[in-house]
Amino acid sequence: MQKLVIANWGVGEQGKSSSVKAVFTLLSEKYPSTVLLNNGDIKATVQMGDVLVGIESQGDPNSRQGESLRDFLNMGCDIIVCASRSYGETCENIKELKKHGFQVVWTQNDRSDDETLHNYLNRKYAERVVEMIEDRIEKDF
């Protein structure tokens, strides 16, 4: 199976971290998980059979995102889900993983000015990402 990074990227204050946390919530309902750090943002792993998934919701410049990606690499994660800004340091951290055999899929969460829709939209994003992960594991698209 080719390794995969699913990066939710965009400008600040667009709900990227919330969407990534929704991916963790959905995966942890179905598979064993370990929370490594939780200070509002989450750094965690999920074991999906033989596949280890790393999840980091911090994606701002000067955040722990780069360190987390290196940690996931050292832990042997096959799939990484993370937040990222649309340019700069956080994108470069993700692109660095290509040198280690990772394919990168850049995604964006759905957004709305109506705050009552945020949880719904985050859940829909999470469902799409979980489906992508499960398809990768099952079919290695």
Side-chain angles (χ1 to χ4, degrees), residues 1-112 114-141:
M1 180 179 90
Q2 183 176 5
K3 296 180 180 193
L4 176 67
V5 178
I6 301 170
N8 185 350
W9 71 287
V11 298
E13 303 300 319
Q14 298 297 310
K16 298 177 300 297
S17 293
S18 296
S19 295
V20 170
K21 287 186 269 188
V23 172
F24 171 74
T25 298
L26 192 56
L27 283 174
S28 67
E29 290 170 357
K30 297 170 77 172
Y31 304 98
S33 62
T34 303
V35 175
L36 304 169
L37 292 169
N38 184 354
N39 59 352
D41 278 300
I42 192 157
K43 176 180 178 179
T45 58
V46 177
Q47 190 69 50
M48 299 174 68
D50 295 333
V51 176
L52 185 61
V53 180
I55 301 171
E56 175 55 75
S57 66
Q58 279 194 356
D60 291 333
N62 302 311
S63 70
R64 70 172 183 238
Q65 184 236 36
E67 177 184 338
S68 293
L69 296 180
R70 287 186 295 278
D71 289 346
F72 293 149
L73 181 64
N74 291 333
M75 293 169 71
C77 287
D78 303 290
I79 297 173
I80 298 171
V81 179
C82 63
S84 172
R85 287 292 178 91
S86 52
Y87 62 91
E89 169 192 351
T90 57
C91 287
E92 296 307 314
N93 291 337
I94 292 165
K95 290 175 185 175
E96 186 70 21
L97 292 173
K98 289 180 178 183
K99 296 177 183 175
H100 300 278
F102 281 83
Q103 177 185 39
V104 178
V105 175
W106 300 98
T107 64
Q108 291 186 319
N109 56 291
D110 300 319
R111 297 182 277 279
S112 174
D114 183 347
E115 289 186 26
T116 64
L117 293 176
H118 288 184
N119 287 338
Y120 169 78
L121 295 173
N122 288 341
R123 177 80 178 191
K124 288 300 179 185
Y125 172 82
E127 289 171 357
R128 288 193 312 270
V129 170
V130 169
E131 181 179 358
M132 187 184 310
I133 292 169
E134 290 174 339
D135 282 352
R136 171 55 65 101
I137 292 169
E138 181 181 320
K139 302 172 190 158
D140 197 30
F141 58 67

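Model, not experiment: these values are computed from the prediction.
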request  = Verify, without hydrogens or angle tests, whether R70 (side chain) and N93 (backbone) share a donor-acceptor contact under 3.5 angstrom.
outcome  = no

Is there a donor-acceptor pair under 3.5 Å between the side chain of K21 and the backbone N or O of G40? yes

Distance check, rounded to the nearest 0.5 Å: [X] atom [atom1] versus [Y] atom [atom2]?
X	Y	atom1	atom2	result
E134	K139	CD	NZ	10.5 Å
L121	T116	CG	OG1	9.0 Å
L4	I137	CG	CD1	9.5 Å
L117	R111	CG	CZ	14.0 Å

Side-chain heavy-atom pair [X], [Y] within 4.5 angstrom cut-off:
X	Y	result
L26	E127	yes
Q65	D60	no
V5	C82	yes
L69	I94	yes
T34	L36	yes
V23	N8	no
F24	V35	yes

Show the nearest heavy-atom pair for residues [X] and [Y], with the distance to one decimal.
X	Y	answer
S57	I42	OG-N, 2.7 Å
F102	L73	CE1-CD1, 3.7 Å
A83	K16	CB-CB, 4.2 Å
S28	T25	OG-O, 3.1 Å
T90	G59	CG2-O, 3.1 Å
W9	R85	CB-O, 3.8 Å

Q. Side chains of D114 and S112: is there a donor and an acceptor less than 3.5 Å apart?
A. no

Determine all donor-acceptor pairs shorter than 3.5 Å in which one atom belongs to a side chain in residues 43-56; sequence neighbours excluded.
from: K43; atom 1: NZ; to: D71; atom 2: OD2; distance (Å): 2.5
from: Q47; atom 1: NE2; to: G49; atom 2: O; distance (Å): 2.8
from: Q47; atom 1: NE2; to: V51; atom 2: O; distance (Å): 3.4
from: E56; atom 1: OE1; to: R64; atom 2: NE; distance (Å): 2.8
from: E56; atom 1: OE1; to: S68; atom 2: OG; distance (Å): 2.5
from: E56; atom 1: OE2; to: Q58; atom 2: N; distance (Å): 2.7
from: E56; atom 1: OE2; to: R64; atom 2: NE; distance (Å): 3.3
from: E56; atom 1: OE2; to: R64; atom 2: NH2; distance (Å): 3.3

Sorted by chain and number, sequence neighbours left out, side chain to side chain contact (heavy atoms under 4.5 Å, CB included) with N122 holds for S18, S19, A22

Any chance CD of E115 has more than 12 other-residue heavy atoms, nucleotides or ligands included, within less than 6.0 Å?
-> no

Partner of D110 under salt bridge (Lys or Arg N to Asp or Glu O under 4.0 Å), picked from R123, K124, R128, is R128

